[in-house]
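One structure is given below, encoded as structure tokens.
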Amino acid sequence: MHAMVLKEVGKPLVPAELPRPQPQLGQVLVKILACGVCRTDLHVVDGELPNPKLPLVPGHEVVGQIESVGSPDISLQNGQMVGIPWLAWTCGACEYCRAGQENLCEQVRFHGYTVDGGYAEYMVADARYCFPLPDIYANPEGAPLLCAGLIGVRALRFAEGGRRLGLYGFGAAAHLLIQVARYQGMEVYAFTRPGDSEAQDLAIKLGAVWVGGSDILPPQPLDAAILFAPVGALIPIALQAVRKGGIVISAGIHMSDIPAFPYSLLWEERQVRSIANLTRKDAEDYFPLARRVPVQSHITTYPLAMANVALADLRRGAVHGAAVLVMGAWQELET
């Protein structure tokens, strides 16, 4: 099979021909249709997340079709369309797993980080962490929902009860989450890189009541703010934007250092919290909700061989919506 492989952090992915993996006990072999290009992939490739498996096939927003199963007790069937997210395996025995917090498992494994992921034509995965996809999402447009969609809705839970929601960084996750937030009756204020008119236009198209650069305050205090941009300096800015008792939620897996800020920004019962990973229940709850909205992703597609181009576009802020690798006829990268 063809794959794009990370051999050294900080270096471009390398095109490779690898043996097609074989499913072991409890696993399924999936023929990949599409794989989203997530900012977490950038953090892995750029070395901002420590100790990735090397060599590594990145990718964790996978839409594919089951080609074979590794044991007869698996409930998934050959030919079934499934989604494969970031979470690859949990121990089921540590205090976090027993408490229903498998996203914090002490021995957790992740697709495209500690085990191989979806920048390839095939992959194997633990069947318990694959999700049957509704027909509406069994396509490249469904790929971003497997991480950007899931983590956004997980973050939104901690903003429940609020009416005015700020989204800092209007990329893959925010453009999906705004659709859910509006469905739930919230007013959404979108913050982008200063001067990013394309992202602001997309936010307006999707129903934001106000758009502006992340360096300015909204016209009225927010009840909650969710940060998707991995910029620690936005934490004190967002604290200034939320009302008394408001909450600032960091939804990224990596963020630059948060600068010192005066206690007065946190006082009056404002909160700052993080969101880590996801659980299988998040996916089970999300897809019925996404279908009701219905959530629609805005994607830019790239052939698998152009994974480095997709990552570079994401790195420089040139992707509006989400980037998705689409498998098929292998195309050699000419430049």
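For reference, positions follow the sequence shown, starting with 1.
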I'd like to know if K205 pairs up with D201 as an ion pair, taking the criterion as any Lys NZ or Arg NE/NH1/NH2 lying under 4.0 Å from an Asp or Glu carboxylate oxygen. no
Begin with the C-alpha distance, continue with both residues' side-chain angles, and end with the deciding distance and a verdict on side-chain hydrogen bond (donor to acceptor under 3.5 Å, both in side chains) for T90 and Y129. CA-CA 9 Å; T90 56; Y129 299 83; 2.7 Å; yes
R273 charged N/C atom sitting above F158 aromatic ring, 6.0 Å / 45°: yes
Are any of the side-chain heavy atoms of M255 and L227 separated by less than 4.5 Å? yes
Would you indicate whether the side-chain heavy atoms of V242 and I247 approach each other to under 4.5 Å? no
Taking D46 first and then R315, would you say they form a salt bridge - that is, a charged N and a carboxylate O separated by under 4.0 Å? yes
Is D223 reaching over with its side chain to a backbone N or O of R164, donor-acceptor style, under 3.5 angstrom? yes
Shared hydrophobic cluster, V231 / L177 (ILVMFWY, side-chain heavy atoms < 4.5 Å): no
No-hydrogen, no-angle side-chain donor-acceptor test under 3.5 Å, Q200 and T192: yes
Rounded to the nearest 0.5 angstrom, the CE-CG distance for M306 and L311 is 11.5 Å
So that I know where these two stand, are F110 and W89 an aromatic pair - ring centroids less than 6.0 Å apart? no
Would you indicate whether the side-chain heavy atoms of R193 and S214 approach each other to under 4.5 Å? no
Any ion pair linking E67 and R20 (charged N to carboxylate O, less than 4.0 Å)? yes
Presence of salt bridge, E102 and R280, under 4.0 angstrom: yes
Would you call the rings of Y168 and F191 parallel, tilted or perpendicular if under 30° counts as parallel and over 60° as perpendicular? parallel
Apply side-chain contact (heavy atoms from CB on, under 4.5 Å) to L29 and Y122, showing your working. CA-CA 7 Å; L29 172 66; Y122 291 87; 4.1 Å; yes
One pair to check against side-chain hydrogen bond (donor to acceptor under 3.5 Å, both in side chains): N103 and Y96. What are the steps and the verdict? CA-CA 8 Å; N103 58 310; Y96 298 106; over 6 Å; no
Measure the shortest side-chain to side-chain distance between V62 and C35 over non-hydrogen atoms and say whether it is less than 4.5 angstrom. yes
Side-chain heavy-atom pair L87, R109 within 4.5 angstrom cut-off: no
Quick check with a 6.0 Å cut-off and a 45 degree axis cone: is R292 positioned over the face of Y183's six-membered ring? no
So, do R39 and L314 sit near enough that their side-chain heavy atoms are less than 4.5 Å apart? yes
Check this for me: does any side-chain nitrogen of one of E187 and R163 sit under 4.0 Å from a carboxylate oxygen of the other? yes
Quick check: do V188 and V209 have side-chain heavy atoms less than 4.5 Å from each other? no
List the steps and the verdict of side-chain contact (heavy atoms from CB on, under 4.5 Å) for D41 and H60. CA-CA 8 Å; D41 299 338; H60 59 273; 3.1 Å; yes
Spatial distance of atom CE (M4) from atom CG (L304) [nearest 0.5 Å]: 6.5 Å
Do V324 and V37 touch side chain to side chain, with heavy atoms closer than 4.5 Å? no
Looking only at heavy atoms, what is the nearest atom pair of I249 and A155, with distance? CD1-O, 3.5 Å
H111 and D116: side chain donor to acceptor below 3.5 Å: no
For the ring pair H320 and H298, is the centre-to-centre distance below 6.0 Å? no
